[in-house]
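Chain A is the first sequence line, chain B the second, and so forth, proteins listed ahead of strands; every chain is numbered from 1. All values derive from a computational prediction rather than experimental measurement.
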Amino acid sequence: MKILIVDDFSTMRRIIKNLLRDLGFNNTDEADDGSTALPILKKGGYDFLITDWNMPGMPGIELLKAVRADPGLAKLPVLMVTAEQKREQIIEAAEAGVNGYVVKPFTAQVLKEKIDKIFERVGG
Amino acid sequence: MTTDNVLGGEVLELAKSLVEKLETGANEEAHGLLDELTKVRESLLYQEIGKLTRELHNSLSSFHVDTHISDLAEKDIPDARERLRYVVSMTDEAANRTLTAVEGAIPKCEELSDRVSEVQLSWERLLRREMTADEFRALSTKLTEYLPQSSNNVDEIKNGLNEVLMAQGFQDLTGQIIHRVIDLVEDVENNLVGLIKVAGQKTTAPTYESEHADITPTGPAVPGLDDSGRVSGQDEVDDLLSSLGF
């Protein structure tokens, strides 16, 4: 299971990385915005994408849309972990095809639940 | 200025021929020339008034655009103050969470370390065959008690470390808020520069960004400031998504 973590704050990337390691996911890579994440994803081999929304350069919502528009990546499960919590934004993300939405600040428990739920649904 | 030169030349020409007409006693023509001179003079005056009027108008409309400045003073600055207060309270909370977790974990580490030293001493005696059967029974009882206790301690320390890890999330959230305040400070700076320009010299009015569209990132919600149209936490996000068929 290879996971790409996209957030412009390195502290948040480290937090998510450590939580994922705690959940048994050791194979993670990082990117600091959508425009650096997309070429990494296109190289292939990723099973899961966790992205922030508000990032300089390409924001997470655009990354999500680009992933869904790319035939090779369209089915990649995407979890958004973000401080953006306007209803319109959550609806926008849902319409763009997000698989899960976690608002910051979050707990380790919530992150685990959402990841489990996504894999349950994707697997089943 | 070229218009002044042209007008100056025209006036000079008219004045010269006026003198000539007056000297030759051509009074009718002299009157005509006088009228013409007056007209030239009036048009000069009108042009100046026109220029002043335009400048005044521009300055006034610049001030009008700068109602943004009063918005900054009345709304955005107090808003920024609240945001910065929230940053202070978030960093305070994160520091306290971290300290509490560390203060909880340190005694657990000490207990572990004490037990390990105690067992180690007995274990060395056992290896050296210096231990009596009674002592061995005592060690065995201790180990039966210590092993699960130590395992508990390790779990508690790990929880504490996770708590420290999660508490660092403040850096992302406060960072986003501070970036917004920096943007505001820049906006204020630009406005002040614009104001100075308007007050001193004619200038183009500063332009301002329109209101953000609904899905533009707005960063972390500050309680009491950003409540409208936002969900209040993960439960509401889950409710909203499940209402959308998730």
List the atom of [X], the atom of [Y], and the distance in Å for their closest heavy-atom pair.
| X | Y | result |
| --- | --- | --- |
| A:Tyr101 | B:Asp238 | O-OD1, 4.5 Å |
| A:Gln85 | B:Val231 | OE1-O, 2.6 Å |
| B:Gly233 | A:Val103 | C-CG2, 3.8 Å |
| B:Gln176 | A:Ala83 | NE2-CB, 4.2 Å |

Residues of residues 163-170 of chain B with any heavy atom under 4.5 Å of a heavy atom in chain A: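 Those residues of residues 163-170 of chain B which have a heavy atom under 4.5 Å from chain A are B:Leu165, B:Met166, B:Gln168, B:Gly169.
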Measure [X] against the heavy atoms of chain B and call it side chain, backbone, both or neither at under 4.5 Å.
| X | answer |
| --- | --- |
| A:Thr82 | neither |
| A:Val110 | side chain |
| A:Lys114 | side chain |

Atom pair CZ/OG of A:Arg87 and B:Ser228 - distance to nearest 0.5 Å: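 A:Arg87 CZ to B:Ser228 OG: 11.0 Å, rounded to 0.5 Å.
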Results of salt bridge (charged side-chain N to carboxylate O under 4.0 Å, His left out) for B:Asp183 - residues two or more places apart only: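 Partners of B:Asp183 by the salt bridge (charged side-chain N to carboxylate O under 4.0 Å, His left out) criterion come out as none, since no residue qualifies.
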So, the side chain of [X] versus the backbone of [Y]: is there a donor-acceptor pair under 3.5 Å, distance only?
| X | Y | result |
| --- | --- | --- |
| A:Glu84 | B:Thr218 | yes |
| B:Gln171 | A:Thr11 | no |
| A:Glu88 | B:Arg230 | no |

Contact leader toward chain B among A:Thr107, A:Ile90, A:Ile91, where contacts are heavy-atom pairs under 4.5 Å: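 Most heavy-atom pairs under 4.5 Å with chain B: A:Ile90.
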Partner chain B: residue of A:Ile16, A:Ile15, A:Asp8 with the largest heavy-atom pair count (under 4.5 Å):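 Most heavy-atom pairs under 4.5 Å with chain B: A:Ile15.
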Are there more than 12 heavy atoms of other residues, nucleotides or ligands under 6.0 Å from atom [atom1] of [X]?
| X | atom1 | result |
| --- | --- | --- |
| A:Arg14 | CZ | no |
| A:Lys65 | NZ | yes |
| A:Lys112 | NZ | no |

B:Glu236, part contacting chain A, at a heavy-atom distance under 4.5 Å: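 It is the side chain, since no backbone atom gets that close.
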Segment of B:Asp172 engaging chain A (4.5 angstrom heavy-atom cut-off):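 When you check distances to chain A, atoms from both the backbone and side chain of B:Asp172 fall under 4.5 Å.
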Which of B:Ala221, B:Pro220, B:Gly219 touches chain A most, by non-hydrogen pairs under 4.5 Å: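 Highest number of pairs under 4.5 Å: B:Gly219.
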